[in-house]
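Every value quoted in this text rests on a predicted model; they were computed, and no experiment measured them.
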Amino acid sequence: MDSRHEKSLTALGEVTGESCQTSILYLLPSGEQVATKEAISNAFAQIPNTIQLANISIDDQLKIGVGYSVQCIVVSATALGYPQTAGE
């Protein structure tokens with residue numbers, strides 16, 4: 001990308017993406033493993049025309065319930081891109 005395009009990127013809004021996995025009886029994982037890459041992809045998909053993410057925060061959360069736990073990677077960021085025009 002040349003410098004003309006970088007200067008025209010605007011903040012499109014705040015986005016959050018996550019990737020979670022549940023463990024039954026705290027030991028037996030169910031489903032896909034948690035992945036930062038998946039959480040970032042989910043954040044990108046929230047606002048159309050997102051080119052990049054800025055001000056990224058990545059958090060690892062563990063929620064414990066009776067007989068199960070849920071581990072999540074949560075990505076929060078500002079989406080940057082080109083705003084939609086009236087004809088799009």
- Query: When rounded to the nearest 0.5 angstrom, what distance separates OG1 in Thr50 from CG in Leu80?
  - Reply: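 The CG atom of Leu80 is 8.0 Å from OG1 of Thr50, to the nearest 0.5 Å.
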- Task: Drop me the distance from Ile47's CD1 to Thr78's OG1, to the nearest 0.5 angstrom.
- Result: 9.0 Å
- Message: Show, in sequence, the C-alpha distance, side-chain angles and deciding distance for Tyr68 and Leu25, and conclude whether the side chain to side chain contact (heavy atoms under 4.5 Å, CB included) test is met.
- Response: CA-CA 5 Å; Tyr68 73 96; Leu25 298 177; over 6 Å; no
- For Gln61, side chain to side chain contact (heavy atoms under 4.5 Å, CB included) partners two or more places apart: Asp59, Lys63, Val74
- Listed by chain and number, what are the side chain to side chain contact (heavy atoms under 4.5 Å, CB included) partners of Gln46, not counting sequence neighbours?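 Here the qualifying residues are Val15.
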- Message: Using the rule side chain to side chain contact (heavy atoms under 4.5 Å, CB included), only one of Asn42, Val34, Ile40 pairs with Ile73; which is it?
- Response: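 Of the listed residues Asn42, Val34, Ile40, the side chain to side chain contact (heavy atoms under 4.5 Å, CB included) partner of Ile73 is Val34.
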Looking only at heavy atoms, what is the nearest atom pair of [X] and [Y], with distance?
X     : Y     : answer
Ser19 : Glu38 : OG-OE1, 3.3 Å
Leu12 : Pro48 : CD1-O, 3.8 Å
Ala77 : Ile56 : CB-CG1, 3.8 Å
Leu27 : Pro29 : O-CD, 3.1 Å

- Begin from the C-alpha positions of Val75 and Ile58 and carry the test side chain to side chain contact (heavy atoms under 4.5 Å, CB included) through to its verdict. CA-CA 5 Å; Val75 172; Ile58 300 173; 4.0 Å; yes
- Report yes or no: do Gln71 and Asp60 form a side-chain donor-acceptor pair below 3.5 Å?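 Yes, a side-chain donor-acceptor pair sits under 3.5 Å.
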